A.B. asks: 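Just dropping this structure here.
Predicted model only: the values in this text are computed from it and were never measured.
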Amino acid sequence: MPKPRSIDRAAVAAMIVLCASWGFQQVSVKLALPELPPIAQAAIRSIGAGVLVGLWAWRTHRDLRLDDGTLRPGILVGLIFAAEFILLFLALARTDAARVVMLLYTAPFVVAVGARFLPQPEALTLDRWAGIAIAFVGVALLLSPAGADRRQSLAGDLMALGAGILWGATTLIIKGTRLRAAEPAKVLLYQLVVSAVAMTVASLAAGEAWRLPLTALTWSVMAYQVVWVTTVTYLVWFWLVSRYPPARLSVLSFLAPVFGVVSGHVVLGEPLTGSLAVALVLVTIGIVLVNRPAPAP
């Protein structure tokens with residue numbers, strides 16, 4: 001693996017594209033909900049992406065062995081990944097995409113707190129504590145009755161928050177087990193394959209209908225989710241992490257909720273209220289502080 005280099009314009013440009021894609025992901029889910037119910041949509045996403053990532057890993061001769069001690073934690077993160085996306089897609093059926101993407105990005109704060117209890121603990125510095133506190137105020141404002149429109153569903157907001165917590169838990173398990181040293185494509189495949197099975201079962205148990213034929217809009221949205229977001233952007237992210245310092249790349253992740261809020265307003269016509277804007281600023285500041293690399297000793 002090449003030695004990580006300093007963040008340059010190419011890395012910044014790539015991260016802007018990735019964050020815009022991840023932010024718009026929540027909007028794309030809502031666009032397909034009239035024809036594809038939420039859990040079925042999440043299952044199709046994992047099935048399609050699992051096939052594409054598996055083919056890519058096979059063609060590029062990635063290490064996909066299961067006898068390296070990663071199977072059990074891999075199944076665990078796959079089940080948590082499934083629960084995360086079931087909550088996420090159900091949340092998008094109940095509340096605005098802008099609110100969902102902001103609550104989903106509480107994951108970095110879960111990781112910052114939980115990293116203290118890993119086998120190799122990571123320090124929770126003063127600026128990270130400040131970032132957690134600032135973001136907490138933003139989330140509290142978002143969930144408060146004063147900050148919620150009557151059309152919003154508190155249940156959907158809480159589901160989105162739960163998805164963010166599970167996302168953070170997935171990251172902690174990867175950091176704290178043998179998955180940390182595993183081939184990134186294999187870690188992604190554990191999540192996609194296990195979640196594809198789990199979410200298909202959950203969708204059928206919930207009585208969701210998998211309808212055909214679908215409109216061109218729904219086909220386009222699913223292609224965007226499967227091919228672009230879950231396959232291409234994740235593989236590009238792994239490529240970036242292999243060449244640039246991950247902590248410095250993560251600082252730019254604050255752009256994803258910004259893009260999510262803006263695209264929800266522009267594409268779906270979701271209201272951009274004062275309380276939503278303040279909450280977005282607070283959560284954004286929190287993400288930057290939590291992900292900011294520690295100064296060199």
A.B. asks: ring-ring contact (aromatic ring centres under 6.0 Å, His included) with Phe89: which residues, sequence neighbours excluded?
C.D. replies: none
A.B. asks: So how far is it from Met159 CE to Leu166 CG, rounded to the nearest 0.5 Å?
C.D. replies: 12.5 Å
A.B. asks: As a quick check of understanding, evaluate side-chain contact (heavy atoms from CB on, under 4.5 Å) for Val137 and Leu141, giving each step before the final call.
C.D. replies: CA-CA 6 Å; Val137 173; Leu141 176 62; 5.5 Å; no
A.B. asks: Answer yes or no: is there a side-chain heavy-atom contact under 4.5 Å between Gln26 and Arg99?
C.D. replies: no
A.B. asks: Would Leu36 and Val221 count as a side-chain contact (heavy atoms from CB on, under 4.5 Å) if you check the C-alpha gap in whole Å, the side-chain angles of each, and the deciding distance to 0.1 Å?
C.D. replies: CA-CA 11 Å; Leu36 276 180; Val221 164; over 6 Å; no
A.B. asks: My understanding is that a hydrophobic cluster links ILVMFWY residues whose side chain heavy atoms are under 4.5 Å apart, including indirect links. Using that, what else belongs to the cluster containing Leu55?
C.D. replies: Val51
A.B. asks: Show your working on side-chain contact (heavy atoms from CB on, under 4.5 Å) between Trp22 and Leu18 and close with a plain yes or no.
C.D. replies: CA-CA 6 Å; Trp22 296 335; Leu18 295 187; 4.0 Å; yes
A.B. asks: Is it true that Asp157 and Arg94 have a side-chain N and a carboxylate O under 4.0 angstrom from each other?
C.D. replies: no
A.B. asks: Tell me whether Leu66 shares a hydrophobic cluster with Ile173, the cluster being built from Ile, Leu, Val, Met, Phe, Trp, Tyr side chains joined at under 4.5 Å.
C.D. replies: yes
A.B. asks: Can Gln225 and Thr230 be counted as having a side-chain donor-acceptor contact under 3.5 angstrom?
C.D. replies: no
A.B. asks: Shortest non-hydrogen contact from Pro73 to Thr177?
C.D. replies: CB-OG1, 3.7 Å
A.B. asks: Within this structure, what is the CE-CG distance for the pair Met102 and Leu142, rounded to the nearest 0.5 Å?
C.D. replies: 5.0 Å
A.B. asks: Out of curiosity, Leu154 CG to Leu161 CG, how far, rounded to the nearest 0.5 Å?
C.D. replies: 10.0 Å
A.B. asks: State whether a side-chain donor-acceptor pair under 3.5 Å links Thr231 with Trp56.
C.D. replies: no
A.B. asks: Heavy atoms only: give me the nearest Ile132-Ala112 pair and the separation to one decimal.
C.D. replies: CD1-CB, 4.2 Å
A.B. asks: Between Trp210 and Leu204, is any pair of side-chain heavy atoms under 4.5 Å apart?
C.D. replies: yes
A.B. asks: Determine whether a donor-acceptor pair (N or O, by modelled atom type, separation under 3.5 Å) exists between the side chain of Asp8 and the backbone of Ala10.
C.D. replies: yes
A.B. asks: Do Ser21 and Trp228 meet the criterion of a side-chain donor-acceptor pair at a distance under 3.5 Å?
C.D. replies: yes
A.B. asks: So, the side chain of Asp67 versus the backbone of Gly69: is there a donor-acceptor pair under 3.5 Å, distance only?
C.D. replies: no
A.B. asks: Quick test of your reading: applying salt bridge (Lys or Arg N to Asp or Glu O under 4.0 Å), list the pairs with at least one residue in residues 51-62, sequence neighbours left out, ordered by first then second residue.
C.D. replies: Arg62-Glu183
A.B. asks: Hydrophobic clustering (ILVMFWY, side-chain heavy atoms < 4.5 Å, transitive) - are Val258 and Val17 grouped together?
C.D. replies: yes
A.B. asks: Distance from Tyr244 atom OH to Leu249 atom CG, nearest 0.5 Å?
C.D. replies: 8.5 Å
A.B. asks: Is there a side-chain contact between Met15 and Leu255, using heavy atoms and a 4.5 Å cut-off?
C.D. replies: no
A.B. asks: Is it the case that the side chain of Lys30 and the backbone of Leu92 share a donor-acceptor pair, with hydrogens and angles ignored and the cut-off at 3.5 Å?
C.D. replies: yes
A.B. asks: Less than 4.0 angstrom from a charged side-chain N to a carboxylate O is my criterion; do Asp68 and Arg178 meet it?
C.D. replies: no
A.B. asks: For residues Gln41 and Ser28, report the shortest heavy-atom separation together with the two atoms involved.
C.D. replies: OE1-O, 4.2 Å
A.B. asks: Applying a strict under-4.5 Å side-chain criterion to I, L, V, M, F, W and Y, I'd like to know whether Val201 and Leu88 cluster together.
C.D. replies: no
A.B. asks: With heavy-atom distances below 4.5 Å as the criterion, would you say the side chains of Met199 and Ile86 are in contact?
C.D. replies: yes
A.B. asks: Give the intermediate values and the outcome of side-chain contact (heavy atoms from CB on, under 4.5 Å) for residues Val193 and Ile47.
C.D. replies: CA-CA 7 Å; Val193 173; Ile47 293 169; over 6 Å; no
A.B. asks: List the atom of Ala160, the atom of Ala91, and the distance in Å for their closest heavy-atom pair.
C.D. replies: N-CB, 3.7 Å
A.B. asks: Okay, side chain of Thr218, backbone of Leu214: is any donor-acceptor separation there less than 3.5 Å?
C.D. replies: no
A.B. asks: Tell me whether the centres of the aromatic rings in Phe24 and Tyr224 are closer together than 6.0 Å.
C.D. replies: yes
A.B. asks: Of the non-hydrogen atoms in Glu208 and Ala40, which two are nearest, and what is the gap between them?
C.D. replies: OE1-N, 2.7 Å
A.B. asks: Check the hydrophobic clustering (I, L, V, M, F, W, Y; side-chain heavy atoms under 4.5 Å; chains of links allowed) and say if Leu235 and Val232 are grouped together.
C.D. replies: yes
A.B. asks: Can you find a pair of side-chain heavy atoms, one from Val27 and one from Glu270, that are under 4.5 Å apart?
C.D. replies: no
A.B. asks: Is the backbone N or O of Arg211 less than 3.5 Å from a side-chain atom of Glu35, with the two atoms forming a donor-acceptor pair by type?
C.D. replies: no
A.B. asks: Would you call Ile287 and Phe109 a side-chain contact if the rule is heavy atoms closer than 4.5 Å?
C.D. replies: yes
A.B. asks: Would a single hydrophobic cluster contain both Val101 and Phe136, if residues Ile, Leu, Val, Met, Phe, Trp and Tyr are joined by side-chain heavy-atom contacts under 4.5 Å?
C.D. replies: no
A.B. asks: Taking the side chain as every heavy atom from C-beta outward, state whether Val283 and Leu280 have any atom pair closer than 4.5 Å.
C.D. replies: no
A.B. asks: Look at the side chain of Arg180 and the backbone N and O of Ile174, then say whether any donor-acceptor pair between them is shorter than 3.5 Å.
C.D. replies: no
A.B. asks: Taking only residues two or more places apart in sequence, or in another chain, which ones meet Phe81 in a ring-ring contact (aromatic ring centres under 6.0 Å, His included)?
C.D. replies: Phe85
A.B. asks: Quick one: ring-ring contact (aromatic ring centres under 6.0 Å, His included) partners of Tyr105, sequence neighbours excluded?
C.D. replies: Trp167
A.B. asks: Can you list every side chain to side chain donor-acceptor pair (under 3.5 Å) pair that touches residues 189-201, not counting sequence neighbours?
C.D. replies: Ser46-Ser195, Thr70-Tyr190
A.B. asks: Quick check: closest heavy atoms across Ala198 and Leu79, and the distance to 0.1 Å?
C.D. replies: CB-CD2, 4.3 Å
A.B. asks: How many angstroms lie between atom CG of Leu87 and atom CG of Leu103, to the nearest 0.5 angstrom?
C.D. replies: 12.0 Å
A.B. asks: Can you tell me how far OG of Ser253 sits from CG of Asn291, rounded to the nearest 0.5 angstrom?
C.D. replies: 4.5 Å
A.B. asks: Determine whether Val241 and Trp237 make a side-chain contact, defined as any pair of heavy atoms from C-beta on separated by less than 4.5 Å.
C.D. replies: yes
